[in-house]
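See structure below.
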2 protein chains.
Amino acid sequence: MSASLELLKQFQCFGGTVGFYRHDSVACNSPMRFAIYQPPQARSQPVPVLYWLSGLTCSEENFIVKAGAQRLAAEYGLAIVAPDTSPRDTGISGEDDDWDLGSGAGFYVDATQTPWDAHYQMYRYVTEELPQLVADRFPILPEKQGISGHSMGGHGALICALKNPDRYRSVSAFAPICAPTRCQWGEKAFSHYLGGDRTAWKAYDASELVLNAKYDRPILIDQGTADKFLEDRQLLPEVFQEACKSAGQPLTLRMQDGYDHSYYFIATFIADHIRHHAAALCG
Amino acid sequence: MSASLELLKQFQCFGGTVGFYRHDSVACNSPMRFAIYQPPQARSQPVPVLYWLSGLTCSEENFIVKAGAQRLAAEYGLAIVAPDTSPRDTGISGEDDDWDLGSGAGFYVDATQTPWDAHYQMYRYVTEELPQLVADRFPILPEKQGISGHSMGGHGALICALKNPDRYRSVSAFAPICAPTRCQWGEKAFSHYLGGDRTAWKAYDASELVLNAKYDRPILIDQGTADKFLEDRQLLPEVFQEACKSAGQPLTLRMQDGYDHSYYFIATFIADHIRHHAAALCG
């Protein structure tokens, strides 16, 4: 697998490098793409790494182009890895038909249902295969990993951390889908990827997982109050907040007045998130 | 004209607002679009304004999405106005055929040649009509204007400032086309927009204008050394540097090792440029 790693393009940025790569994923049985920012500190020593999971319709590029995170990653000496949000061009019928299912909408689960199960193994990909590849080929500290994300990727970040508290020392999210088993986006995706048995869905729902997760470090979530998907009840931060309370999980949920679901919102508060991760991972 | 101002979309960002507008331009005899960032300070008092002129193929959106400038504009209390790079959908034959002429390539000149002269009046648009509109409709201080830009827009920023030293208190540029009468991009655009008489071209060439400009404040230019357009001799910063030296024009030309022509380069150094403008415009 690692042998296939191909650098597609590279840019110098804040003294480090942004690289876009493609490789043949075993988990997804498909080529996958990701971006990695290597801060200037990585030239002389291995550095901690923050995984960023993007939202519906995004690729590996959106966060790197729009969030302004590299400035802070360079300051704190943190690598950032941003994978694509699904396999693409797999040949699965209907893969590109919906913006909230298939391409660009992998939902960070391991599909069990045909035809998706042949390629849509995004949970294994982002928690196992990609971190192994990154550790093998880049100067990072695999024992110092954090994870964050936006919307569908915020859901992804929360479930990855809650299912693997030893593997992710820090977690945060922007406008995450907090309870996918209780919202339309999640119900659609999970029924296709995981089938009709809703009990199987709970393994990928942060508001269920947190009840037994024993993730003893604080979780940071920012949510804009003018986010139309909040109003549409796709995000349900109050459900996660209540579950955290029941479980004794430390949570800082910040309702940000007037902000929407866009990268203008993410860019505004990314510094606080990078500092949250740096406090756990750096130094 | 002002009556036509239409808000297309708006986002909260770093405590202020990013707005995308369309209006009917008299100068261009066509609808034009621009983006404006109003920092939080603009809610209580008028603020200085920085104009940003983008490069070939860009719209009013690229800088606002990719540069990370709003963070600093919010810090210093500076509005940012970013116009589109040309009229669009004017009906001029061939308008969309080339990426370096017509749509997305207005070059910030007032065309004198048919068919372009009917709409491509970008110099008047960015120096007169747009600032007047912005002063009429937004809480800015019209006597405190700066200008910056990238590539074709760096050329635009330099000529606007050098032709109007009293109107622009500060100027900077990223990888500007410094001597358009001596490079292929400029020769192509100027021959179409301004005709075959090269003496007319000099009125839009920063390296000619600076010889008599009496712009007595320092100009800041950043140029990446790994910029392929530098190697292709489209940018020619050394020509501008020599002209500044002859004219006694203060210039800080920083050759940034390993950086290319992309927004990753701009994002890396935008803070220095905002501070350069804030020093002249704020406080």
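With a 4.5 angstrom heavy-atom cutoff, B:Ile266 does not touch chain A via any of its atoms. For a residue to count as touching a neighbouring chain, one of its non-hydrogen atoms must lie under 4.5 Å from one of that chain's; by this rule B:Val18 touches chain A with the side chain only.
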With 3.5 Å as the limit, can you list every donor-acceptor pair between chain A and chain B, backbone and side chains included?
from	atom 1	to	atom 2	distance (Å)
A:Gln12	NE2	B:Asp257	O	2.7
A:Phe14	N	B:Thr268	OG1	2.9
A:Gly15	N	B:Tyr259	OH	2.8
A:Asp257	O	B:Gln12	NE2	2.6
A:Tyr259	OH	B:Gly15	N	2.8
A:Thr268	OG1	B:Phe14	N	2.8

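For A:Ala135, the side chain to side chain contact (heavy atoms under 4.5 Å, CB included) criterion is met by A:Ile140, A:Pro142, not counting sequence neighbours.
Nearest heavy-atom pair across A:Leu130 and A:Pro83 is CD2-CB, 3.7 Å. Counting all heavy atoms, side chain and backbone alike, A:Cys282 lies closest to A:Gly77 at SG-O, 4.4 Å.
For A:Phe269 and A:Phe174, the ring centers are positioned 6.0 Å apart or more.
Here the CD1-CG distance, from A:Ile274 to A:Leu78, works out to 6.0 Å after rounding to the nearest 0.5 Å. Here the straight-line distance linking atom CG of B:Leu8 with atom CZ of B:Phe34 works out to 9.5 Å at 0.5 Å rounding. Here CZ of B:Phe240 is found 13.5 Å from CD1 of B:Ile177. Values are rounded to the nearest 0.5 Å.
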